[in-house]
Amino acid sequence: DAGITQSPRHKVTETGTPVTLRCHQTENHRYMYWYRQDPGHGLRLIHYSYGVKDTDKGEVSDGYSVSRSKTEDFLLTLESATSSQTSVYFCATANSISSSSYNEQFFGPGTRLTVL
Amino acid sequence: RKEVEQDPGPFNVPEGATVAFNCTYSNSASQSFFWYRQDCRKEPKLLMSVYSSGNEDGRFTAQLNRASQYISLLIRDSKLSDSATYLCVVKMSRLAFGKGNQVVVIP
């Protein structure tokens, strides 16, 4: 298994507070991703990174920001948490994103976030 | 039309039986296809890639039909340990995930 850890694994917070989730990988993969998973939806991409300091938005990026200052760490920040951001957040990594490649994405164990 | 569509089920399968399900995708330019498995409250993990000619991995068979834009997964001789949600994943400029097919294998 790819060495991907996420912290915290569980968090309960209040509406309006900032929250930062951390993803750490030991695989030296270039690409890193943040997804959220909600009942009735497939995994949805929030933001992704294609290298240190290189990030871009996914399909559900509003209310989220990311930073990647080192290859191994990818941070997701909820600037002012809302109840609609209650979800399970997964980090993933990949070492290639060629559209024709079969390189898999490896997922971290997830963070369960509850915003009250 | 959603990018990737799956019937969520659940698919209740007697142990030892065969179960099959499809996933349809909307973008004909999609080039790579996968099935991921997700156990309850766990992360998704790659089950198998889906190649144009179809492929097998033990009791699992995956097929791709580009003309009709669907992929399928067949599980033979179902085991209790096969109980999970199977996510259809289509690669375009990014990965697009279906909601998953929930499989429950019953003793």
Side-chain angles (χ1 to χ4, degrees), chain A residues 1-7 9-10 21 23-25 27 29 31-50 55-61 87-114, chain B residues 1-10 21-55 57 60 62 64 66 71 84-102:
Chain A
D1 288 344
I4 306 171
T5 56
Q6 293 184 230
S7 59
R9 294 292 314 280
H10 301 270
L21 309 183
C23 176
H24 179 79
Q25 58 132 337
E27 301 299 311
H29 285 171
Y31 303 95
M32 297 187 75
Y33 307 83
W34 277 107
Y35 292 92
R36 61 179 289 174
Q37 187 174 39
D38 305 288
H41 293 274
L43 282 153
R44 292 181 291 175
L45 181 65
I46 305 171
H47 281 279
Y48 65 98
S49 169
Y50 44 96
T55 64
D56 207 347
K57 296 179 179 180
E59 59 185 302
V60 289
S61 59
S87 188
V88 179
Y89 291 86
F90 286 102
C91 172
T93 72
N95 59 14
S96 171
I97 60 167
S98 166
S99 61
S100 60
S101 81
Y102 280 83
N103 294 88
E104 69 179 283
Q105 284 191 9
F106 299 89
F107 286 83
T111 294
R112 293 188 173 273
L113 176 67
T114 302
Chain B
R1 183 178 173 187
K2 294 187 178 177
E3 291 178 312
V4 181
E5 295 204 58
Q6 293 183 258
D7 176 358
F21 33 82
N22 293 341
C23 150
T24 59
Y25 61 95
S26 61
N27 189 337
S28 59
S30 303
Q31 295 194 0
S32 306
F33 308 88
F34 309 86
W35 285 102
Y36 276 70
R37 171 190 169 129
Q38 186 172 23
D39 294 309
C40 187
R41 302 177 75 84
K42 297 287 189 180
E43 72 271 23
K45 293 185 178 181
L46 181 66
L47 176 69
M48 59 194 301
S49 303
V50 186
Y51 302 118
S52 296
S53 56
N55 46 297
D57 184 359
F60 297 83
L64 168 63
R66 287 190 182 274
I71 67 173
T85 297
Y86 293 86
L87 307 178
C88 173
V89 184
V90 175
K91 190 177 209 178
M92 299 169 290
S93 57
R94 57 174 177 78
L95 294 187
F97 290 81
K99 297 177 187 179
N101 299 114
Q102 184 185 5

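Both backbone and side-chain heavy atoms feed into the values below; hydrogens, waters and symmetry mates do not. Per chain, numbering begins at 1; letters A, B, ... match sequence-line order. None of the values given here were measured: they were computed from a predicted structure.
In this structure, chain A has a heavy atom under 4.5 Å from the side chain of B:Q38, while its backbone stays farther away. For A:R112, the part sitting under 4.5 Å from any heavy atom of chain B is the side chain, from C-beta outward, and nothing else. A:L45 touches chain B through its side chain: at least one heavy atom from C-beta onward sits under 4.5 Å away, while N, CA, C and O do not.
In summary, of the residues considered (A:Y35, A:F107, A:F106), a side-chain contact (heavy atoms from CB on, under 4.5 Å) with B:P44 occurs for A:F107 alone.
Applying the salt bridge (Lys or Arg N to Asp or Glu O under 4.0 Å) rule to B:D39 yields the partners B:R37; only residues at least two apart in sequence or on another chain are considered. Take B:Q102 and apply the side-chain hydrogen bond (donor to acceptor under 3.5 Å, both in side chains) test, not counting sequence neighbours, and it matches no residue.
Between B:Y36 and A:E104 there is a side-chain heavy-atom pair separated by less than 4.5 Å.
Chain A forms more heavy-atom pairs under 4.5 Å with one residue of B:Q6, B:R41, B:K42, B:K2 than with any other, namely B:R41. Contact tally against chain B (heavy-atom pairs below 4.5 Å) for A:G110, A:G40, A:G58: the top residue is A:G40.
Once rounded to the nearest 0.5 Å, the distance linking NZ of B:K45 with CD of A:Q105 reads 15.5 Å.
Between the side chain of A:Y48 and the main chain of B:R94, no donor-acceptor pair closer than 3.5 Å is present.
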